[in-house]
Amino acid sequence: MRIAVTYENGQIYQHFGHTEQFKVYDTEDGKIVSSKVVSTNGQGHGALAGVLNAIQTDVLICGGIGGGAQDALTSAGIRLYGGVTGDADAAVEALLAGTLAYNPNVRCSHHEGEHHGDNCGGHGAGCL
């Protein structure tokens, strides 16, 4: 299984549509076998689902994420674990152990149809 995490300085980046990097983990038998940081090459919002699909991602762990991006991930067959904060490596370990705390109803709806810069419109961490 290949797991991608929105990534910045070891932490889960909290705004999917503005993430500049994913940390990508390859796993086998419930263990991480390799990981690498992948640039989004300036892609944003809906195009990020295409980036994840191109690198054959099975699962995404992220903080806040809008409805359009969620729909794009669903269409690409990528499972979403949103509303997650903290250390990226620890989140992947928790997912593999079946203990990851996430929000199945995460929705960053305050920015549907509007643009507001890299700080998620001042809505703070989680962008939930």
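It should be emphasised that the depicted structure is a prediction, and the values quoted were computed from it without experimental measurement.
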Contacts satisfying ring pair (Phe, Tyr, Trp, His ring centres under 6.0 Å) that involve residues 73-106 (not counting sequence neighbours) are Y81-Y102
For Q70 and V106, the nearest pair of non-hydrogen atoms, with its separation, is NE2-O, 2.6 Å
Checking V5, L48, I12 against T19 for side chain to side chain contact (heavy atoms under 4.5 Å, CB included), the one that qualifies is L48
- Query: Quick one: does R2's side chain have a donor or acceptor within less than 3.5 Å of a partner on I55's backbone?
  - Reply: yes
One should read off an interatomic distance between L52 CG and D58 CG, to the nearest 0.5 angstrom, of 11.0 Å
Output for pair (E20 CD, T6 OG1), nearest 0.5 Å, gives 12.0 Å
List the atom pairs, with distances to 0.1 Å, where a side-chain N or O of residues 27-35 and a protein N or O form a donor-acceptor pair under 3.5 Å, not counting sequence neighbours.
residue : atom : partner : partner atom : Å
T27     : OG1  : M1      : O            : 3.0
S34     : OG   : D26     : OD2          : 3.3

**Prompt:** Would a hydrophobic clustering, with Ile, Leu, Val, Met, Phe, Trp and Tyr connected at side-chain separations under 4.5 Å, put L80 with F22?
**Reply:** yes
Separation between NE2 (H18) and OG1 (T40), nearest 0.5 Å, reads 11.0 Å
**Request:** Kindly indicate whether the side chain of V24, heavy atoms from C-beta on, has any atom under 4.5 Å from the side chain of I3.
**Result:** no
On a heavy-atom basis, the closest approach of A49 and F16 is N-CZ, 4.3 Å
Side-chain donor/acceptor pairs under 3.5 Å, residues 86-98, sequence neighbours excluded:
residue : atom : partner : partner atom : Å
D87     : OD2  : D89     : N            : 3.2
D87     : OD2  : A90     : N            : 2.8
D89     : OD1  : K23     : NZ           : 2.9
D89     : OD1  : Y25     : OH           : 2.5

Taken to the nearest 0.5 Å, the spacing of L73 CG from N53 CG works out to 9.5 Å
Has the side chain of T57 got a donor or acceptor atom that lies under 3.5 Å from a matching backbone atom of V59?
no
Output for pair (Q14 CD, I65 CD1), nearest 0.5 Å, gives 11.5 Å
query: Are any side-chain N or O atoms of S75 and backbone N or O atoms of D71, one a donor and one an acceptor, separated by less than 3.5 Å?
result: yes
